[in-house]
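Take a look at the structure below.
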Amino acid sequence: MKTVIIGGVAGGASAAARLRRLDEKAEIVLLERGAYISFANCGLPYYVGGTITEQSALTLQTPESFRRRFGIDVRVRSEVLAIDRAARTVAVRSLDAGREYSESYDKLILSTGAEPLVPPIEGADLPGVYTLRTIPDALALRGKVEALGPGRRAVIVGGGYIGVEMAENLVHAGLETTIVEMADHLIAPLDFDMAADVHHYAQNMGLRLRLGTAVTGIRRQGEGLCVATSQGELEADLVLLSVGVRPESRLAREAGLACNARGGIQVDCHMQTSDPDIYAVGDAVETTDFLTGDPAMIPLAGPANRQGRVAADSLCGIGAAYTGTQGSAVLKLFDMTVATTGLNERTARARGIDCDKVFVYAANHAGYYPGSTMLSLKVLFERATGKLLGAQLVGSEGVDKRCDVLATAIRFGATGEDLTRLELCYAPPFGSAKDPVNMAGFMIENLRGGLVKQFHWHDVKDLPRDGSVQLLDVRTPAETARGMIGGFRSIPLDDLRQRLSELDRSKPVYVHCHSGLRSYLACRILTGEGFDCHNLAGGYRLYHAVVGEGTPPERAMPCKK
């Protein structure tokens, strides 16, 4: 059997290697338009910023090494122009030889990937405006950064994963860097409340943020550029467009394969398209959301690799199936780590899922062991069943391993109560006897068991201040001296039992502390004494981080004429 694979990198190269491992006699042809068949796409920002110093480090396999190791006919600089499904051929142009020819296939795998989305604004094609998707893109961008040198200005349009990673690397390279993001927060998979800590940290590290701001045009300004936005103008020596990607599915569409409205190639669980002899993998395909079963397009390297393997297995008669993507991802921002898996809250609610959430703020390892740092964890669960739906984590050390545990739990259909039973590794340098993941489970268990009621940061503004409810802050006097939520009175937790006579058992009590732990203890005391008590999830720390976002950054100024 002869299999032709269009496109390399994650999906195509994985499919080719797996196919060879399964069938030593198969004829495999890999056609790649670019000069590289397998490269570290996710490492490109770190090459631009100089953390990765050698270009060769980005190349996972050269055409020659891939050909020698796997016995595959690798043809780089070979652009596929069209697919003839009836004849089972593809039209190919050799970009180096300048000739066109026809290549036959028995089975075809499309791994055409995605291309950067360029917004329809004036000036998007000007010199000095870049996108980042390929090694040539990275080479051009690094050359520009090195030519500019420290002290110059960069504007990044889009605050997703690539935009934020590039912002860090441009700051490392000495550029004054501004991120312009149309949404109200960075990193779309995060909810706003979890993004708040990211915003504060990014600004403390010298990044400038323009959130809720649209770029309306780019024009030349002297030797540099002027970026026009809905909130004013920004001067720039370099502009990076990082507003997302769209599937490169022209070949599939022109061949009559089924695609969705965004151009995503529609496949079944075996990665088979509407043509039984054609498979598709990677960023170009529409897959399914693991949790909801809805169609989804999630361009990540891990899913692309697994899809390539599934396609090869299917071609060889192995009953493999791709069961959906849950969007597990991790991001480095200076010394901060941000990780997500599964659904975020706004997506779950948009799907009509009756969900609730818990927040954990805890040390990454035993607090008495030197060097511990705090991490913030949000876990979303289905209210009726306790089934885990998603998690978001922000912190430094230990964020990735907790997210991996939660991603695994979600994949196997775990509930919040199941988290309480996880036996996770513990030693003082690495964790706590009650890991933050266990703590999230305990909180879900307490909520669903009726041991505690909670309210959230977005409920605080609607609490009556007319005396019909009692608002209680159980932090220490030293803490309350640094700030309080309006309308709350202070009774420190350790004084609560002695001051119960100051409270009215006929009125509900809404309690908070710094993180939610001491106020939970207060709620247990008050509930035991006959009060109707509610605990502020995430505590004052989360409330202050989120509500503090109401202060806008300094307004952009007009570019100099």
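Since this is a predicted model, take the numbers as computed values, not measurements.
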Check whether any side-chain N or O of E122 sits under 3.5 Å from a backbone N or O of G217 as a donor-acceptor pair, and report yes or no. no
Decide yes or no for Y201 and V394: does some side-chain heavy atom of the first lie under 4.5 Å from some side-chain heavy atom of the second? no
N169 side chain near V48 side chain, heavy-atom distance below 4.5 Å: no
Answer whether the closest heavy-atom distance between the side chains of L234 and R210 falls below 4.5 Å. yes
Considering only heavy atoms from C-beta outward, does the side chain of V546 approach that of F192 to under 4.5 Å? yes
Apply side-chain contact (heavy atoms from CB on, under 4.5 Å) to the pair S249 and I265, showing each step before the final yes or no. CA-CA 7 Å; S249 55; I265 305 169; 3.9 Å; yes
So does G174 get a backbone contact from the side chain of R152, meaning a donor-acceptor N/O pair under 3.5 Å? no
Among D191, V379, L406, exactly one meets side-chain contact (heavy atoms from CB on, under 4.5 Å) together with Q392. Which residue is that? D191
When you check the gap from the basic side-chain N to the acidic O, do D106 and K2 get nearer than 4.0 Å? no
Where the side chain of D23 meets the backbone of L19, is there a donor-acceptor pair that is under 3.5 Å apart? no
So do the side chains of L139 and Y47 get within less than 4.5 Å of each other, counting heavy atoms only? yes
So, do M166 and L132 sit near enough that their side-chain heavy atoms are less than 4.5 Å apart? yes
Please walk me through it: do R246 and E115 pass salt bridge (Lys or Arg N to Asp or Glu O under 4.0 Å)? CA-CA 6 Å; R246 61 184 172 196; E115 60 184 347; 3.1 Å; yes
Okay, side chain of E32, backbone of G8: is any donor-acceptor separation there less than 3.5 Å? yes
Point-to-point distance, once rounded to the nearest 0.5 Å, from CD of E181 to CD1 of I156: 11.5 Å
Cation-pi check, R411 onto F290 ring (under 6.0 Å, within 45° of axis): yes
Testing the 3.5 Å rule here: is there a donor-acceptor pair between the side chains of S14 and N305? yes
Is the distance between the ring centroids of H172 and F334 under 6.0 Å? yes
R20 side chain to E24 backbone, donor-acceptor under 3.5 Å: yes
Do the side chain of R346 and the main chain of L190 share a donor and acceptor less than 3.5 angstrom apart? yes
Within the distance-only criterion (no hydrogens, no angle test), does the side chain of S314 pair as donor or acceptor with the backbone N or O of A312 below 3.5 angstrom? no
Does the distance from a Lys or Arg side-chain N to an Asp or Glu carboxylate O, for R208 and E176, drop under 4.0 Å? yes
Treating T177 as the side-chain partner and L175 as the backbone partner, does any N or O pair qualify as donor plus acceptor under 3.5 Å? yes
Hey, can you tell me if H185 and H199 have their rings parallel, tilted or perpendicular (30° and 60° cut-offs)? tilted
Quick check: are there more than 12 heavy atoms from other residues, nucleotides or ligands sitting under 6.0 Å from CZ of R67? yes
Between E64 and R68, does any side-chain N to carboxylate O distance fall below 4.0 Å? no
Got L333 and L207 here, is their nearest side-chain heavy-atom distance under 4.5 Å? yes
Are the side chains of E345 and K378 in contact, using a 4.5 Å heavy-atom criterion? yes
Is there a donor-acceptor pair closer than 3.5 Å between any side-chain N or O of T112 and the backbone N or O of E248? yes
Just by distance, do the side chain of S274 and the backbone of A258 share a donor-acceptor pair under 3.5 Å? yes
